[in-house]
Structure formats: C-alpha cells, structure tokens
S.K.: 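Quick one: the structure is below, questions incoming.
Letters A, B, ... are given to chains in the order of the sequence lines, protein chains preceding strands, and every chain is numbered from 1.
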Number of protein chains: 2
Amino acid sequence: MAEARNVDTRERILDAAERLFMAHGYEGTSMRQITGEASVNLAAVNYHFGSKESLMQEVFRRRLDWLNEERMRVLDAYEKEAGGIALKPSQIVDGFFGTLLRMADDETHGGMTFLRLLGRTLTEPSEFIRTFLAHEYKPVMERYKEALFRALPEVPKAEIVWRFHFMLGATSYAIAGTDALRLVTDWQIEEEDSTDRLDRLVPRLMSFLLGGLRAPLPQYDPSAVNPK
Amino acid sequence: MAEARNVDTRERILDAAERLFMAHGYEGTSMRQITGEASVNLAAVNYHFGSKESLMQEVFRRRLDWLNEERMRVLDAYEKEAGGIALKPSQIVDGFFGTLLRMADDETHGGMTFLRLLGRTLTEPSEFIRTFLAHEYKPVMERYKEALFRALPEVPKAEIVWRFHFMLGATSYAIAGTDALRLVTDWQIEEEDSTDRLDRLVPRLMSFLLGGLRAPLPQYDPSAVNPK
DNA sequence: CTATGATTCAAACGAACGTATGAATCATAG
DNA sequence: CTATGATTCATACGTTCGTTTGAATCATAG
C-alpha cells in the first residue's frame, strides 16, 4: 500500500488561510482566495480538511495547542519555584498574556499573523468558532482563574473574572490593532520603529494589565451621573 | 410635486441591520435576512441607501454622530467646571468611556445592541469600515487625547496613546462579550441577574481602566525572560 | 379628480460562493 | 516492472449573493 500524507500541501493551505482569515475575516475569505494564494487546487481544501469550517478549526488548533501547553508549562515552573505559596499576580499575568505576546516573535508558531487572527476572532460572531474556542481554552482558563483566586484571596471571584475579561480585551486589541491603532493616533508622534515597537509593547501592556488587575475595587453606586 | 421620504421603512431597515450585523457580522449578514427581518422588499435597501456598504455606514452614523457630540458636551461641561486647570483622568475616562457605556441603557440611541455591534466592529477586517470609523472618530479622538496629555504631563505622549488603545480594547470586549465572557467563565459563580450585571459593569470597568491608565510606567528591558 | 413623483413590488441578472465528482497523475510497496 | 492507494486536477453542480429593472401602487399638490 502507498501512503504519504502530503504535509506540504496541508501546511501551505494552513499558512494561506491563516494570513487571509487574519486580513479579511472568516466570512470575507473565499476558498478560491486561499487555494490561489497557496498555489494548490481548489479541491485540495475539501480533500485535506473536509470543509471550510474544519479548515478554520485546524488553523487554530495548530497554534493553540502549543500555546496553551506552553501556558501550562510556564505556570508549572512558577508554581514549582514558589513551592506552595500563592503566586504573584504579575507571574500569572505573565504566564497567560506574556506567553501569548512572546508568540509574536516566534515565526515557527505563527508569529504576529496568528496573534492578530486570534485577537480578531475573539470577537467574531460565528457560532461554531465561539464554541470551538471555548472548548479549546477551557482547561487553561480554569487553571489560570484558580491561580488568580489564590493570588488575590481578598478580591471577590466575580471581580477577578471580570478583570480577566478586561485584560483579554486590552490584549486582543493591542495585538489585532497594529492597524486599529491608526484610529487612535496618526502616529505623527516621534516614535520607535516597528520592530522596536513590538519589543516595547510587552512591558507596556503588562504594566497596564497589572494596574487594572490591582486597581481599587469599585464601590457600587446605582445613582452615578454625568455632569449637565 | 409629491414627496415624503418614508422614514418608517428606513428606520426599520436600520434597526434590523443593526441587530443582524451585531449578531452575525457584516459579511455574515445578507440583504435578504435584513429585508426579511424588517418586513420590507428586498429592493428597498438599495433604493433607500444605495448599497450594503452605505447601509452599514448609515447604521453607524445614526448612532456615532450623537455619541461623539455627547462626548464633546461632557468634556465641555467638565472643562467649564474646572475653569482652566487640567481635568482629572477619571473625568476624561468618564467622558469618553462612561458616555459610551451609558448608551447601553438608552434604547433611543441603540442601547446594548449598537454597543455590541460597535465593540465587534472595531476589530472588523473590512477596509471600508476601518476608514469610515477612523474618519468618524477623528475629531473626538483628537480632543480626548489632548485632554489626557494635559492631565498627565509627566507621562510620555506615546505611552498615553497606547494606554488609550488598551482602554478601548478592554471596553470593547466588556461590551461585545456578554457572550464572549462565557469563554472565561461558565458563570456558575453565584452572581447578580443580567440587568443588575450591566449596572455593575460600569464602575467595574471604570476602576479597571483608571488602574491601567495610572499604572507605574514600564521600564524597558530588552532581555525579559520567562522561567524555563 | 387628475397628474406627479415617491415608494413598493416581483422577478430576474450575472457573479461568486462552498462543495462534489471522476479521471489523471504521482509515489511507493511488492 | 506492475499494482495500489494517495494526491492533484479541471470541471461542474446547485445555492446564495448584491444589485438592477420596469411595472404597480401610493400619497399628495394643484
């Protein structure tokens, strides 16, 4: 019997899909664009992946499996180092968001392209993507939430969950929006070049996230008003 | 001559489009879905708006014009109140993000539906949406950035721009993701009901944003490492 | 009432979509 | 070599897409 699992075609399709989904979204990208950019036959996608939806899932699985395992490894290392006592919030934030951001420099794991795709997809509407990501993220999410609960025992759990969510949003935008940033600024500000900008993004975002995570708790005031 | 500008059909189309774009995204929503939900003829969209793209822009213009004027008014009021001296960061954040969040309770200006649409669209890939939003937001963005520069003279401007961007992301997610939040938690946490949840969201997010905005400045360390 | 222009309507357009098919081509095992 | 199964290929299928058309209907001005 003959067999081979041509991995080259598969990878070329995944790379092209990753880039195009990032640039134009899932619904905005056609199979013909993907196979065109990958220089493979139109039918290759359905042969190797079965459908466009399955292709999308595989694009994510290829990167997320590694990312989430890495996040587990980082937390393992921190916890071993701490030996029983609760971790510092900064360590947990680094394990989750730092690990993510460090992917940007790692072209073998998708680099900036995948990060921007991920950032955009977290707000994507399609049902099957949401359920897929929720399933894919569940274990690592559970673990990090627990770590935060232990690290911040005086903060109500609901508050921590919300702040985790806010941190996700800030990070997602920071990544997705190297373009979207043009909405905030026209970058006429004298500024470092783009590679340097990425290096500085990580500590900048980390400071912001930790500042938000450790902010004073809100006092619930049902009668908040704005002036005039 | 006869004339009328049937405003009822227009509004019904805009309402349906707003809800469907929010639920399924721009590319994921068809004209037939929109006209079906609005109970108008398929050709009505092209008659009243010219094209799907123009419809999308009108969906946003209808809400953003009011929102951004309101943001200007709030800042005017705060600055008049302050009489010359720089505003407090909390006032600026309230003017920009608080005004936005207060739209959620205001059904006459789109309410939660538009907010979620806006949150999702800020990461949308389509070129024409990005350029449209950038143009629509430019004046108010410029004004608020200047206010922040004056309020935080000791913080480098580039740093403020980044943190503005982070705040946008956190807010966008907080809004867009009443669903996406299920990714972080399964909400088995004993928690307030959903209307109450919205009331509490505003102070929660405000605390987070201000904590992030006023966080200690990052020290740039090119050799940051994670353990193992 | 009649005329006019605004609006609605059913129907159709060509293009692009995701997917399926069956033959051609390829690599390898025997 | 030949045989076999994996892979590629050109082509087509049936749908759905955004948009257009021209006639029908409506409201109002004169």
Side-chain angles (χ1 to χ4, degrees), chain A residues 1-60 117 121 124-129 131-132, chain B residues 1-60 117 121 124-129 131-132:
Chain A
M1 16 179 147
E3 57 185 64
R5 291 264 115 204
N6 189 332
V7 79
D8 186 53
T9 302
R10 274 181 61 97
E11 293 294 306
R12 285 229 306 288
I13 291 173
L14 287 171
D15 289 343
E18 185 172 75
R19 209 194 64 76
L20 287 167
F21 286 150
M22 178 272 286
H24 308 116
Y26 175 74
E27 310 267 12
T29 302
S30 73
M31 307 279 274
R32 285 165 178 82
Q33 285 177 270
I34 295 169
T35 53
E37 175 145 330
S39 299
V40 301
N41 188 271
L42 171 60
V45 170
N46 287 285
Y47 175 78
H48 284 282
F49 299 95
S51 69
K52 190 184 177 186
E53 287 200 3
S54 300
L55 170 61
M56 180 66 155
Q57 292 181 4
E58 196 54 38
V59 166
F60 276 96
L117 171 62
T121 308
E124 273 265 332
S126 300
E127 184 58 37
F128 85 94
I129 301 180
T131 55
F132 170 76
Chain B
M1 7 160 161
E3 57 183 61
R5 290 264 114 205
N6 190 333
V7 79
D8 185 54
T9 301
R10 273 181 61 97
E11 293 294 305
R12 285 230 304 290
I13 291 172
L14 287 171
D15 289 344
E18 185 172 75
R19 208 195 64 76
L20 287 166
F21 285 151
M22 178 272 285
H24 308 116
Y26 175 75
E27 310 267 12
T29 302
S30 73
M31 307 280 276
R32 285 165 179 83
Q33 285 176 268
I34 295 169
T35 54
E37 175 146 329
S39 300
V40 301
N41 188 272
L42 170 61
V45 170
N46 287 282
Y47 176 77
H48 285 282
F49 299 97
S51 69
K52 189 184 179 186
E53 287 200 3
S54 301
L55 169 61
M56 179 68 155
Q57 292 181 2
E58 196 54 38
V59 166
F60 276 97
L117 171 62
T121 308
E124 273 266 331
S126 300
E127 183 59 36
F128 86 93
I129 301 179
T131 56
F132 171 76

S.K.: Using a 3.5 Å distance criterion without hydrogens, assess whether the side chain of A:Arg12 forms a donor-acceptor pair with backbone atoms of A:Ser39.
M.R.: yes
S.K.: Between atom CD of B:Glu37 and atom CG of B:Asp15, what is the distance when rounded to the nearest 0.5 Å?
M.R.: 9.5 Å
S.K.: Applying a 4.0 Å non-hydrogen cut-off, can you work out what A:Ser39 is touching in the nucleic acid: base, sugar-phosphate, or nothing?
M.R.: nothing
S.K.: Let me know the distance between CD1 of A:Ile13 and P of C:dT19, rounded to the nearest Å.
M.R.: 13 Å
S.K.: May I ask you to evaluate whether A:Thr9 reaches the phosphate of D:dT7, defined as a side-chain N or O under 4.0 Å from OP1 or OP2?
M.R.: no
S.K.: Does A:Glu27 or B:Leu42 map to a spot on DNA chain C nearer the 5' end, using the closest nucleotide for each?
M.R.: B:Leu42
S.K.: Expressed as a whole number of angstroms, how long is the span from A:Leu20:CG to C:dG18:P?
M.R.: 12 Å
S.K.: Keeping the roles fixed (side chain from B:Ser126, backbone from B:Ile129), state whether a donor-acceptor pair exists under 3.5 Å.
M.R.: no
S.K.: Could you tell me how far apart B:Met31 (CE) and C:dA11 (C1') are, to the nearest whole angstrom?
M.R.: 16 Å
S.K.: Let's test this: given Watson-Crick or G-U wobble pairing with both distances under 3.5 Å, identify the partner of C:dT4.
M.R.: D:dA27
S.K.: Between B:His48 and C:dA6, is there a contact of a side-chain N or O with OP1 or OP2 at under 4.0 Å?
M.R.: no
S.K.: Send over the distance from A:Glu53 CD to C:dG18 C1', rounded to a whole Å.
M.R.: 11 Å
S.K.: Roughly how many Å is it from CD in A:Glu11 to C1' in D:dT7, rounded to a whole number?
M.R.: 16 Å
S.K.: What heavy-atom pair brings B:Leu55 and B:Ala17 nearest, and what distance separates the two atoms?
M.R.: CD2-CB, 4.0 Å
S.K.: Could you tell me if the side chain of B:Leu117 sits less than 4.5 Å from the side chain of B:Val59, heavy atoms only?
M.R.: yes
S.K.: Could you tell me how far apart A:His24 (NE2) and C:dC17 (C1') are, to the nearest whole angstrom?
M.R.: 16 Å
S.K.: Taking OP1 and OP2 of C:dT7, is either one under 4.0 Å from a side-chain nitrogen or oxygen of B:Asn41?
M.R.: no
S.K.: Looking across every strand, which nucleic acid part, if any, lies under 4.0 Å from B:Thr35 by heavy atom: base, sugar-phosphate, or nothing?
M.R.: nothing
S.K.: Rounded to the nearest angstrom, tell me the gap between atom CG in A:Asn46 and atom C1' in D:dT11.
M.R.: 15 Å
S.K.: Quick one: which of C:dG18, D:dT8, D:dC17 gets closest to the side chain of A:Tyr47?
M.R.: D:dT8
S.K.: Would you kindly give the CZ-to-P distance between B:Phe49 and D:dT20, to the nearest whole Å?
M.R.: 16 Å
S.K.: Can you tell me if A:Ser30 touches the phosphate of C:dA16, counting only side-chain N or O atoms and a distance under 4.0 Å to OP1 or OP2?
M.R.: no
S.K.: Taking a pair as Watson-Crick or G-U wobble with both distances under 3.5 Å, which nucleotide is matched to D:dG22?
M.R.: C:dC9
S.K.: Determine the contact category for B:Ala43: base if any of its heavy atoms lies under 4.0 Å from a base atom, sugar-phosphate if only primed atoms, P, OP1 or OP2 are that close, otherwise nothing.
M.R.: base
